[in-house]
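Just so it is clear: chains get the letters A, B, ... in the order the sequence lines come, proteins before strands, and each one is counted from 1. Note that this is a predicted model, so its numbers are computed, not measured.
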Number of protein chains: 2
Amino acid sequence: MAPETRPANRRGEILDHASRLFSAHGYDGTAIRLIARASGVTEAAIYRHFDGKAQLYDEVIRAKAREHDIAGDLAASRGHGSVEDILRVVANHVLSLARRDPELVRLMSNSSLENDQGRATIFREVRIPYIEFLVEEITRRMAAGEVRRIDPVITSRCFVGMVMDCALNAGMWSRFAGVEVDAQTVICNNVPIFARGLTNDGVASPSNDGV
Amino acid sequence: MAPETRPANRRGEILDHASRLFSAHGYDGTAIRLIARASGVTEAAIYRHFDGKAQLYDEVIRAKAREHDIAGDLAASRGHGSVEDILRVVANHVLSLARRDPELVRLMSNSSLENDQGRATIFREVRIPYIEFLVEEITRRMAAGEVRRIDPVITSRCFVGMVMDCALNAGMWSRFAGVEVDAQTVICNNVPIFARGLTNDGVASPSNDGV
DNA sequence: GGGCAGAGTCAACGTTCGCTCACCTCGTCA
DNA sequence: TGACGAGGTGAGCGAACGTTGACTCTGCCC
């Protein structure tokens with residue numbers, strides 16, 4: 001077959017196609033042959049760029065996770081607003097990330113036990129930034145008296161877990177309840193509940209309450 | 001090979017071994033040969049009992065999910081105690097289920113996208129019972145004025161999602177934080193937060209607060 | 001006793017898997 | 001000009017995969 005024009009970044013192309021296919025069919029369900037065909041090269045060419053399937057998968061996960069600067073995005077909101085505002089920032093970011101990058105969502109829910117390392121990589125790159133941001137904010141506000149005495153780490157992990165679970169299982173919700181639930185509706189319902197449970201006075205916050 | 005004694009319930013034995021292996025290695029990662037060897041029969045024998053690998057997997061999921069009568073367990077707590085008590089019942093049940101049946105947990109987090117049906121089965125058999133119980137309880141207590149005006153369905157789904165995420169990712173927690181967090185500690189921290197956010201007066205409940 | 005159905009074995013089918021080898025074709029640079 | 005390395009091809013390796021067909025054994029019913 002005539003290679004009309006040889007692309008400058010074949011490696012990146014392979015990574016893109018591999019990412020799409022891995023997220024669609026899982027690790028075991030995606031054959032190197034398939035990635036090669038999608039990338040317009042032979043399998044041997046892939047082995048010029050990557051050491052093997054496992055390493056290719058790891059690179060896919062790493063690249064996908066590093067595409068987003070979660071910690072950087074969140075840093076802009078550091079120390080601003082009420083606890084409720086902070087929770088809203090985190091929830092909004094998670095859900096918009098899931099909407100913008102469905103492949104990442106599928107990789108997150110796909111990571112099998114064989115590839116425990118990939119699972120850990122996603123956890124570290126995607127989940128930890130949210131948790132650490134939240135821990136810091138909650139701890140600060142607990143010291144200031146805005147937040148009741150709770151365990152900031154457990155609380156942050158569980159809140160992030162709740163939002164992640166929401167993003168991961170959005171498809172299931174519509175399947176079983178019939179109705180599609182908007183992400184904003186979920187946030188408007190749940191963030192105030194959590195915020196109210198966290199704050200010291202039982203009232204959500206001095207911010208706007210009218211929704 | 002001499003069949004010393006022919007077991008009465010070969011089919012059940014195969015299901016058991018298949019369940020263990022599928023939960024350990026995933027769908028694609030578990031070969032029929034492996035299940036056969038573990039069950040002490042040949043592969044052909046498995047095809048005497050099941051139509052194929054996909055059907056075997058589906059039966060595994062179905063059997064595993066039906067092992068537990070979640071709705072029946074919860075029914076005993078219907079209408080009793082405060083909202084906080086109800087949340088605690090649900091959280092306790094989920095986490096004790098996860099502790100008693102690690103295979104189920106692994107099947108839940110393993111279900112790949114190829115086997116979307118298995119994923120839906122688990123969702124329906126395991127998650128829905130919790131959600132429906134919670135929706136009913138919250139709706140009742142909202143009518144009675146104990147609970148603020150929120151969306152019972154969204155709230156229930158998110159609470160169950162939070163607890164499920166907690167159960168599913170317990171292994172990751174210990175890996176990244178180093179310390180193992182006890183399930184009871186998580187419940188004692190989070191259930192009151194959620195309950196306080198739900199109730200009308202901002203105070204958790206008339207129940208005991210001393211922990 | 002004879003036929004039969006269920007349960008199991010053995011051997012193999014065709015396919016797909018991850019991966020490798022020998023070879024080719026460029027652009028680069030001394 | 002010519003050596004060379006990066007990047008690509010085509011063929012094919014051995015192994016593992018899901019699945020099947022022909023056969024055997026065994027207990028049960030007529």
> What's the NE2-C1' distance between B/H49 and C/dG8, to the nearest Å?
Replying inline: 8 Å
> Which letters describe nucleotides 12-18 of chain C, given B = protein heavy atom under 4.0 Å from base, S = only from sugar-phosphate, - = neither?
Replying inline: B----BB
>> Tell me the interatomic distance from A/R10, atom CZ, to C/dT25, atom P, rounded to whole angstroms.
In response: 18 Å
Would you list the atom pairs, donor with acceptor, under 3.5 Å between side chains in residues 126-135 of chain A and any protein atom, with sequence neighbours excluded?
unit_1 : atom_1 : unit_2 : atom_2 : d
A/R127 : NH1    : B/D165 : OD1    : 3.0
A/R127 : NH1    : B/D165 : OD2    : 3.4
A/R127 : NH2    : B/D165 : OD2    : 2.9
A/Y130 : OH     : A/H93  : ND1    : 2.6

>> Pairing donors with acceptors under 3.5 angstrom, does anything connect the side chains of B/S19 and B/D16?
In response: no
> So does B/R62 pair up with B/E59, basic N to acidic O under 4.0 Å?
Replying inline: no
>> To check you understand the geometry: which heavy-atom pair defines the closest contact between A/A167 and A/V105, and what is its length?
In response: O-CG1, 4.3 Å
> Can you check the A/E13 CD to D/dG8 P distance for me, whole Å?
Replying inline: 9 Å
> What is the ring orientation for A/F22 with A/Y27, classed by angle as parallel under 30°, tilted 30 to 60°, or perpendicular over 60°?
Replying inline: parallel
> Do A/E136 and A/R78 sit within salt-bridge range, that is, some charged N less than 4.0 Å from a carboxylate O?
Replying inline: yes
> Between D/dG18 atom P and B/D51 atom CG, what is the distance in whole Å?
Replying inline: 16 Å
>> Rounding to an integer number of Å, can you tell me how far A/R37 CZ sits from D/dT9 C1'?
In response: 15 Å
>> If you apply the rule salt bridge (Lys or Arg N to Asp or Glu O under 4.0 Å), what do you find for B/K64 with B/E103, and how did you get there?
In response: CA-CA 9 Å; B/K64 177 57 75 181; B/E103 277 184 21; 3.4 Å; yes
> B/I46 CD1 to C/dT9 P: how many Å, rounded?
Replying inline: 10 Å
>> How many whole angstroms separate atom CZ of A/R48 from atom P of C/dA22?
In response: 12 Å
> Would B/E125 and B/R66 pass as an ion pair if we require N to O under 4.0 Å?
Replying inline: yes
> Hey, what bend do you get for the helix from C/dG1-D/dC30 to C/dA30-D/dT1 if you fit axes on five pairs at each end, rounded to 10°?
Replying inline: 20°
